A.B. asks: 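Can you read through this structure? Questions will come right after.
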Protein chains: 4
Amino acid sequence: MLHELTKELQREYSYAIGPYRDPVMRVEPGDTVAVDTIDAFEGKITDESVKPSSIATLPFVNPLCGPIWIEGAEPGDTVSVQVLSIQPVGPQPRGVTCLQKYFGLLSPTASSLSEPFPEVVRKVDVTPEGVFWDEDIVFPYEPFVGTIGTAPRLETVNSLTPNNHGGNMDLPDIAPGSTVYLPVRTEGGFLYIGDVHACQGDGELCGVAIEISARVEIKVELIKGWSLDWPRLEDENRIMSIGSSKPLEDAVRIAYNDLIHWMVNCYGFDKWDAYFILSQAGRVRIANVVDPLYTAGAWIEKRYLKGGK
Amino acid sequence: MLHELTKELQREYSYAIGPYRDPVMRVEPGDTVAVDTIDAFEGKITDESVKPSSIATLPFVNPLCGPIWIEGAEPGDTVSVQVLSIQPVGPQPRGVTCLQKYFGLLSPTASSLSEPFPEVVRKVDVTPEGVFWDEDIVFPYEPFVGTIGTAPRLETVNSLTPNNHGGNMDLPDIAPGSTVYLPVRTEGGFLYIGDVHACQGDGELCGVAIEISARVEIKVELIKGWSLDWPRLEDENRIMSIGSSKPLEDAVRIAYNDLIHWMVNCYGFDKWDAYFILSQAGRVRIANVVDPLYTAGAWIEKRYLKGGK
Amino acid sequence: MLHELTKELQREYSYAIGPYRDPVMRVEPGDTVAVDTIDAFEGKITDESVKPSSIATLPFVNPLCGPIWIEGAEPGDTVSVQVLSIQPVGPQPRGVTCLQKYFGLLSPTASSLSEPFPEVVRKVDVTPEGVFWDEDIVFPYEPFVGTIGTAPRLETVNSLTPNNHGGNMDLPDIAPGSTVYLPVRTEGGFLYIGDVHACQGDGELCGVAIEISARVEIKVELIKGWSLDWPRLEDENRIMSIGSSKPLEDAVRIAYNDLIHWMVNCYGFDKWDAYFILSQAGRVRIANVVDPLYTAGAWIEKRYLKGGK
Amino acid sequence: MLHELTKELQREYSYAIGPYRDPVMRVEPGDTVAVDTIDAFEGKITDESVKPSSIATLPFVNPLCGPIWIEGAEPGDTVSVQVLSIQPVGPQPRGVTCLQKYFGLLSPTASSLSEPFPEVVRKVDVTPEGVFWDEDIVFPYEPFVGTIGTAPRLETVNSLTPNNHGGNMDLPDIAPGSTVYLPVRTEGGFLYIGDVHACQGDGELCGVAIEISARVEIKVELIKGWSLDWPRLEDENRIMSIGSSKPLEDAVRIAYNDLIHWMVNCYGFDKWDAYFILSQAGRVRIANVVDPLYTAGAWIEKRYLKGGK
């Protein structure tokens, strides 16, 4: 069945991911949902003269759609979300990026004594053909879902923080063609989604990618009895584990360790052999080094997985 | 002119990079040198029954060839080292990897109260056709120079530690076809090289790649008056800055920041525009998260550099 | 007015701090509350043979009393909580400490491949005269409130995590004679309290102090219009700012920076002069380096504050 | 025997600690040495108008006296240095502190895009009665040796970096009345000393304490066959282990772990019991969070050591 999670149905966006909110939609495993997400600034940066600080106030940033209730989802299960397509929407220039005060990897932090960077805004045309930065530079259109997660058991996490429930991972691999696996920690799962990026560099250096509103089509399935510690991802050629922590090496550590467990439990590898193989053929994507926790994905190509006994 | 830095010429290996040692060779800018490097365990792990702890004692590990004196090199210059080729040498199985006590990203550290991992050794055949792990798995032969650096001004750094002089960066991009730029901080430059890997995963997870002895051909040139804070790299399609620090986000921060300065100073970009462009199109390689400092390379594709004014 | 927040009134403990729960009590500014807290293991480690893992399951650990509604508290205000007294309660041996799996500064983490430490439990007599460890060692009875906080605006934070709402700071200075200042971020403030320690070393090395159930008397006041970014503390001789983050230097950075702002805004110091003075006379308490975020308090003695103009 | 290591004898200061330099003096175990140290800016900040960047250039900062050869010292031994007294010398105002570009815990780093802090200099009178900051504030005179270390086996470390050889630890406990233990890693030990501070806050917040030139009297002894991984310290009431690393929690981890080993090996404690006791009664001094590696000291009071079996 195909559902539409429109702006009207969403009514008000969610700035946090948790179990204390009524679901806006209920779906069956196997259903498809078309979600109308809004950009991270809720569409309020209408031109390059709008200062981000004038329209966004913490914690009311990075608005999300949801929660979506998944019938039959119980703690200990896994929700599988396949990204089918991402279409940019809205009037051009529909992409926005900016420098925000005390945000970004190279910025002084609010707990320094330094002045913040200037608040510079750039609006750009985004089409499926590319992100048109200026007359010389066109970035490829490589859209992905910046924020996706399920509710923790007790906690409500602001929509800017990634953790073991998913959240604002800003991982470019959550893109059409891939499937992300999220742990169910509360009945119904409570799926949230938003924060689409038209493209993004590794680490999301200044803290803001090319933010767009979009229509995201996802297919939701339920894997009973598969209990995850951290989010995982799979596409045609790879399996990837996703860690979020600070400092960044802890995110890498979490991701690689989870990937070893995946190789051991599902592909029959010996623990030390999996450790060795990732030492020679593992790959790491730095997703973000700007959010309250940093995110890294570690993957192995599927062609190496036949080596499991 | 072609020089050969053979094992006989090297006589004894160097376990540290610094200015307090007589050069083993003097070259002119433009010369080519064929260096016979030895593997990180100095060839002492002759079969899988040899425990690493029985043959390697800190700080006498990761032996290097050099120092090579570059005629005309003065503080404030840059040495350019183009990697021409890397040939594996020695009797098969010539590749070795292992688990060492209290070493590797997932290992307890010596300052924990935990038992170390077991000392497991794997020896594998390595040819230009591949790294033959077992009957199912062949890793591609993607050789690179694990350790390369020039002498600091005052310091002598052990051969395991990367820093702004280069050193044990374990960056897989220092491979045939690429050119690495290293700062000259002492007269003659004092170039050291060694620690070839036949292949390696991002981060060098267990701390040991497929270590091999090799013949490495390099072309050495001198760029007068180009003063670098950190090592850089260039190949046909990319320019990359290389940072080493702890925690890992600091290495990424150093690399991206240096890359911005490179874009501003050599390609005419505005500072904030370079920051924006890397936020959307920058890429990061995690080289190692296991050495005393961690290394990351940040790059941008050259096709975006025409946008500088 | 004196309130009693008894076990009966509390009915069920809270394992998280947030705004989505009905207050168990309403107090006026100026009121005194006697809170019957329970130990971090909810009293379930009845003797040294009980394994912690058999009675505590994340996230249902570190139970708290509350939330307490403070009349008149609105976002932008500050709640002042003076600790009047802490009395240990319950049958002897009433103090408990233990090694938990994959917890503590020197422990391998769950994301390593190492075996956990053994689950060792120690129960000890605790009286106002001391903590009786063995025939040779008596630790002084220096009780404090390990966890105290107010609800964030949107988030619900598990009771193990400290942050800018307070929470599980494990700061020994929150003791009889001191006053802690907490930000009001939601109407009514929603004060939570629990996790009393009879004594604790700096950093709470193994992750568990001498945990006790206790009767804690506090006096609650409201400071209208004083808006805090982070918790603060004051006693007869000192003012202290409290930061929680990872890595630990970020917690110290937050604390010192907040203390500078306090000196500038309330005591008339020039920004750079405050920075200089703390460089020469500031003091730092490492509260915990074991919780999901680490906590540090930075203080200055009041005798130096007369220097503000 | 009493030696004097005067400015004339020192001739030129050392900006690095290592084995590649001729000793300036040879002493026997049991000898006393009076060392005339110079302040960290080599006395060149003669008044408050002198900009630090105009007189100090990396790596030529933080000048040290030495190396001192200790007769009989061999790798595997320990040098014991008792600090007997520290007398401030030179014309008033003889104390100096300052803000240096891109240095200090709250400063932007050179790898940010921020402007540096202003270069502010403060000169102050220092006597054994106090550090006279202004008409309101007098800091107590609590002098200590900021930098002391022995040569590593292979490395030469700049005088700004602390590590397991000692070095620029900036630990206020290395003061009259205490004894610091340093590992001998090269024949003769090669002891370096300098960088006296008249007082300092925990962490050395802005990166510069009250720097003074001084006459430091030390008594040097040799402990044969006691091999240290990290520096240690002892005074009348405490034993302390000293770790240096980044991030800061690693320095704390190193220090506490080494202290456990000390308690186990020299005082007869069981490993887990030592871990428990430090969890309840251990103390931590944050020495510096501004140098290339951060330093922490962890200690236990001697009155608890009788509990070892």
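Order of the sequence lines fixes the chain letters, A, B, ..., with proteins taken first and strands second; residue numbering starts at 1 for each chain. Since this is a predicted model, take the numbers as computed values, not measurements.
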A.B. asks: When rounded to the nearest 0.5 angstrom, what distance separates CD1 in Ile277(A) from OG1 in Thr97(B)?
C.D. replies: 11.5 Å

A.B. asks: Is chain A contacted by the side chain of Leu99(B), its backbone, both, or neither, given a heavy-atom distance below 4.5 Å?
C.D. replies: both

A.B. asks: Is Ile286(A) close to chain B through its backbone or its side chain, or both, or neither, when contacts mean heavy atoms under 4.5 Å?
C.D. replies: side chain

A.B. asks: Of all residues at least two apart in sequence or in a different chain, which pass the ring-ring contact (aromatic ring centres under 6.0 Å, His included) check with Phe139(B)?
C.D. replies: Tyr304(A), Trp133(B)

A.B. asks: When rounded to the nearest 0.5 angstrom, what distance separates CG in Asp250(A) from CD in Glu249(B)?
C.D. replies: 9.0 Å

A.B. asks: With a 4.5 angstrom heavy-atom cut-off, could you sort out which part of Val138(B) is near chain A: side chain, backbone, both or neither?
C.D. replies: backbone

A.B. asks: Under a 4.5 Å cut-off applied to non-hydrogen side-chain atoms, are Phe276(A) and Val120(B) in contact?
C.D. replies: yes

A.B. asks: Taking the side chain as every heavy atom from C-beta outward, state whether Ile260(B) and Leu106(A) have any atom pair closer than 4.5 Å.
C.D. replies: yes

A.B. asks: How about Val131(B) and Gln280(A): do any of their side-chain heavy atoms sit closer than 4.5 Å?
C.D. replies: no

A.B. asks: Checking heavy atoms, do the side chain of Ile210(B), its backbone, both or neither come under 4.5 Å from chain A?
C.D. replies: both

A.B. asks: Do Val289(A) and Arg253(B) have side-chain heavy atoms sitting under 4.5 Å apart?
C.D. replies: no

A.B. asks: Considering only heavy atoms, which portion of Val290(A) lies under 4.5 Å from any heavy atom of chain B: side chain, backbone, both, or neither?
C.D. replies: neither

A.B. asks: Got a sec: does the NZ of Lys101(A) have more than 12 other heavy atoms crowding it under 6.0 Å?
C.D. replies: no

A.B. asks: What part of Ile300(A) gets within 4.5 angstrom of chain B, counting heavy atoms only: side chain, backbone, both, or neither?
C.D. replies: neither

A.B. asks: What part of Tyr275(A) gets closer than 4.5 Å to chain B, counting heavy atoms only: side chain, backbone, both or neither?
C.D. replies: both

A.B. asks: Working to the nearest 0.5 angstrom, can you tell me the gap between Arg283(B) CZ and Arg285(A) CZ?
C.D. replies: 5.5 Å

A.B. asks: Can you tell me how far apart OG (Ser279(B)) and CG (Leu105(A)) are? Round to the nearest 0.5 Å.
C.D. replies: 9.5 Å

A.B. asks: What distance separates Ile137(B) CD1 from Arg303(A) CZ, expressed to the nearest 0.5 Å?
C.D. replies: 10.0 Å

A.B. asks: Decide yes or no for Tyr256(B) and Asp202(A): does some side-chain heavy atom of the first lie under 4.5 Å from some side-chain heavy atom of the second?
C.D. replies: yes

A.B. asks: Who wins among Gly207(B), Gly203(B), Pro118(B) for the most heavy-atom pairs under 4.5 Å with chain A?
C.D. replies: Pro118(B)

